[in-house]
Q: 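Got a structure for you, written out below as structure tokens; questions coming shortly.
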Amino acid sequence: MAIARHTPLGILCDLDGTLVPFASSPEEARPDDDAIKLVTNLASLPGVTLAIVSGRPKDWLESFFPGDQVFLVAEHGAYRRGAGAWQNVADLDPAPLGELAQELEELVRRHPGSLLERKTTTVALHYRNVKRGRRGELLIEAFGIIDRFLAKHPAYERLEGVLVAEVRPASVKKSSAVPWIRELAGPGARLVAIGDDVTDEHMFQVIEPQDESIVVRTSEPRKTAARWELTNSDEVRAVLRYFHGVRSGHTPPPIVLPRAIVPPTPPSSTQGRDLLVISNRLPDFRHVEGDEIERKKNVGGLVSALEPALRARGGMWLGWSGRTVAESEPIESGIVESGTAQFAWVDYKESWYRGYYSGFCNGTLWPLFHSFPSRVAFSDSSWAAFQEVHEHLADVASRLVGRRAMLWAHDYHLLLFARAMRQRGHSGPMGHFLHIPFPAHDIFSMMPWAGQILDALLDFDLLGFHTPRDVANFISCASSMLPAKVADDVVQHRGRSTHLAAMPIGIIPNDFQEVPEPAVVEEIDGLMRALQSSKLVLGVDRLDYTKGIPERLIAFGKLLENFPEWRGKVSLVQVSVPSRADVPLYAEQRASIESIVGRINGEFGDAAWVPIRYLYRSYVKGQLAQLYRAASVGYVTPLRDGMNLVAKEYVAAQDPENPGVLLLSQFAGAAVEMRDAVLTNPYHVEGMARDLDRSLRMGLDERKMRHTKLLASVQRSNAVTWAEGFLDALNACR
Ligand code: ADQ
């Protein structure tokens with residue numbers, strides 16, 4: 001914690017759950033004398049600017065910190081108190097919140113343990129004291145009320161914190177405190193932000209690379225942008241005491257050091273290792289290292305698929321750590337050992353995050369390969385960043401493995417990897433698997449660097465795609481844009497042969513067939529109780545424009561319009577998991593989805609029935625399986641998708657004696673293998689509404705017949721057979 005000695009130093013510290021332990025109500029999370037003294041003394045030191053950044057109201061905060069040594073940020077940034085009086089930062093009429101508070105008050109009266117907190121600019125529903133099994137029910141009702149409010153008042157947003165759901169002005173966030181404190185601290189300031197809640201993540205997301213961010217781990221694990229972690233408020237105080245000791249010249253007390261979230265281990269010698277997997281992001285190896293329960297919850301399909309191969313070959317997985325460093329700082333890399341394999345990580349420069357990850361990968365390749373040319377941006381500088389990152393990754397990779405090792409690169413982030421490795425003398429077999437579609441020639445050729453990318457791809461020995469159509473598209477591009485020869489799915493170019501294969505990825509079906517642990521089922525049980533006897537239509541996706549979520553919701557509205565007999569008898573639950581990439585675009589997506597939900601619920605809903613419930617959150621596998629099993633229709637309608645694993649997961653999770661119906665887009669790669677699903681065209685609203693009606697009406701015999709065939713294919717062509725198949729094919733190339 002060298003930053004402790006830096007001047008000027010800015011500290012932004014949350015209260016509830018951070019400086020004081022998480023209490024049974026927000027009022028009880030009061031700073032005690034020790035905390036007040038510690039913070040005030042630290043804030044009084046020269047060169048230190050300290051702010052308490054809290055969701056609590058301003059008067060409440062001021063009652064503990066009346067003097068002006070400690071700066072205060074109240075209601076998540078709506079009010080701030082610097083050296084003078086309070087300033088109101090939120091420029092919004094809070095009057096409409098009154099009606100929302102009234103409706104929620106009524107709800108709180110019916111749900112023991114829940115508590116409504118009314119602040120000037122926000123309304124917060126706390127449910128830390130509601131029994132676990134009853135929380136789902138409360139939240140479903142609450143989100144129905146809140147979503148209706150948000151549809152009418154788009155300047156507000158819902159934020160889900162630790163056991164609290166809060167409605168507040170969308171423009172007000174704790175992140176606004178960061179530039180304020182930086183300016184107050186003065187030129188050259190470095191900042192430390194400390195907090196436990198999702199509202200604190202807003203601070204972590206905007207701090208600069210020279211700053212530090214520390215998350216205090218609460219009972220609910222979640223992804224964080226913080227670089228360091230502490231366990232509880234005692235540890236937070238110990239760190240602040242250390243800061244005070246270092247800066248005041250007193251002998252610092254023994255320090256509790258925040259733990260690095262990705263431990264910076266130096267790369268060890270691994271020459272001789274014979275398999276290196278490389279993908280943009282690494283699997284969540286912090287959980288891979290954790291206990292068995294954590295493992296089951298968090299290990300993704302790709303990891304489970306590759307684990308046997310990595311274990312058998314003592315393999316290593318290389319990818320981005322998820323962190324960025326300033327241009328002037330050294331780019332770090334390291335290795336984390338897990339029980340079965342090693343994970344090597346690299347940091348990215350900030351300019352790579354912008355140019356490579358957000359720019360070329362997610363702003364150019366993703367929309368282009370999904371055939372959304374109107375969303376594509378071409379820029380010379382992001383193409384340069386794309387090449388630069390490949391050079392860096394190839395440098396790291398060649399230090400990690402010998403020249404004859406087998407390399408398996410994943411997805412559109414790594415199209416140039418074989419070229420960069422060949423230039424470094426790599427002679428071992430190299431394969432690439434594309435997880436997204438490969439576009440048709442007329443689309444692909446729009447890209448100014450299309451020829452260079454094709455040329456570099458042909459330095460791989462094996463190119464794997466999900467479907468025969470992707471292979472055909474690649475062949476048509478290669479044969480028309482390069483002087484390459486193609487015969488029997490082998491492309492000859494520059495004296496090298498590249499094999500092409502359609503090898504659809506699968507899932508680990510057992511993961512969705514096991515009975516989930518009791519602790520996991522309660523929440524979904526609550527949701528089911530709230531749906532009462534309505535049939536469930538279920539959508540589960542990452543929030544992305546390729547997934548066709550607005551079209552799907554509109555078609556559900558059309559079902560209710562054209563087939564009124566379903567009103568009150570069917571509910572759509574759409575679960576969307578937040579996506580990291582390109583934040584503004586996704587925020588816009590989310591807002592448009594929420595407004596469609598609000599409109600349809602407003603038009604068709606009544607006091608007893610909410611047609612669409614939109615849940616913006618992620619679930620652990622056991623909960624997803626439970627949701628899939630409860631759904632009469634798996635509503636999987638992307639506008640375009642490489643494969644779509646949700647379709648396969650839905651089939652795996654069904655009860656074979658009473659299975660639901662998979663309603664699947666004809667434009668998902670999965671549609672090639674899953675012909676026994678009801679295939680639909682997501683661009684045709686009325687057609688999709690008819691297909692929904694047909695799926696909801698389907699009799700038991702037809703459902704069982706379709707499900708038996710679908711399940712057989714999901715079992716047969718699974719994630720492990722896919723990984724083995726790819727590695728066998730790659731071996732056979734040499
Ligand atoms: P994705 O675009 O991420 O993958 P998909 O195949 O559907 O799409 O996989 C999504 C995964 O996220 C599924 O395993 C699903 O269970 C999980 N998920 C979605 N919503 C969730 C939620 N709310 N909570 C928890 N988990 C959630 C890319 C390509 C796909 C291709 C895969 C694999 O775009 O076409 O199928 O890679 O190759």
Side-chain angles (χ1 to χ4, degrees), residues 160 221-223 279-281 283-284 297-306 361-362 365-367 369-372 408 410-413 432-438 464-467 469-470 502-509 511-512 516 520 523-524 527 538-549 573-581 586 590 593 613-628 631 634-653 662 664-665 667-674 714 717-719 722-723 726:
E160 287 167 57
R222 67 176 155 76
K223 289 244 187 242
S279 60
N280 174 57
R281 284 306 292 265
D284 197 354
K297 278 186 197 165
N298 292 291
V299 173
L302 195 56
V303 189
S304 319
L306 290 172
C361 293
N362 291 319
L365 294 174
W366 177 269
F369 279 37
H370 282 90
S371 305
F372 285 86
W408 184 3
H410 287 266
D411 230 354
Y412 57 103
H413 313 89
H432 182 276
F433 188 84
L434 185 69
H435 289 261
I436 64 175
F438 196 89
F465 302 87
H466 283 304
T467 69
R469 187 172 54 180
D470 299 313
M503 26 179 83
I505 196 170
I507 59 163
I508 309 279
D511 282 355
F512 295 87
V520 163
E523 192 176 341
I524 305 295
L527 171 60
L538 176 69
V540 173
D541 307 81
R542 277 191 314 100
L543 185 62
D544 191 283
Y545 51 82
T546 59
K547 302 291 179 186
I549 301 170
V573 170
Q574 172 64 46
V575 184
S576 293
V577 71
S579 200
R580 284 179 53 92
Y586 287 87
R590 185 180 166 181
I593 288 171
R613 295 169 195 266
Y614 179 65
L615 308 174
Y616 183 66
R617 52 167 298 176
S618 86
Y619 286 102
V620 296
K621 242 180 244 171
Q623 290 174 314
L624 276 186
Q626 201 188 344
L627 266 174
Y628 288 144
Y635 196 15
V636 187
T637 57
L639 300 176
R640 174 93 44 194
D641 219 329
M643 172 53 57
N644 194 298
L645 296 180
V646 171
K648 297 190 171 184
E649 293 166 1
Y650 176 75
V651 166
L662 175 64
L664 178 63
S665 162
F667 303 117
V672 174
E673 295 164 279
M674 307 182 90
V714 168
S717 159
N718 58 51
W722 168 80
F726 187 95

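Counting convention: from 1, in listed order, for ligands and their atoms alike.
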Q: Does R640 count as lying over the ring of F372, i.e. NZ or CZ under 6.0 Å from the six-ring centre, within 45 degrees of the axis?
A: no
Q: I want to check something: taking the side chain as every heavy atom from C-beta on, are L434 and F369 in contact at a cut-off of under 4.5 Å?
A: yes
Q: Does W722 have any side-chain hydrogen bond (donor to acceptor under 3.5 Å, both in side chains) partners at least two apart in sequence or in another chain, and if so, which?
A: none
Q: Could you tell me whether E673 and K648 have a side-chain N and a carboxylate O separated by less than 4.0 Å?
A: yes
Q: List the residues meeting salt bridge (charged side-chain N to carboxylate O under 4.0 Å, His left out) with R617, not counting sequence neighbours, and say none if there are none.
A: E523
Q: For a quick check: using heavy atoms under 4.0 Å, what are the residues in contact with ligand 1, sorted by chain and number?
A: W366, H435, H466, I505, V540, D541, R542, K547, V575, V577, R617, S618, Y619, L624, Y628, D641, G642, M643, N644, L645, V646, E649
Q: Taking salt bridge (charged side-chain N to carboxylate O under 4.0 Å, His left out) as the definition, give me every residue that meets it alongside D470, ordered by chain and number, with sequence neighbours left out.
A: none
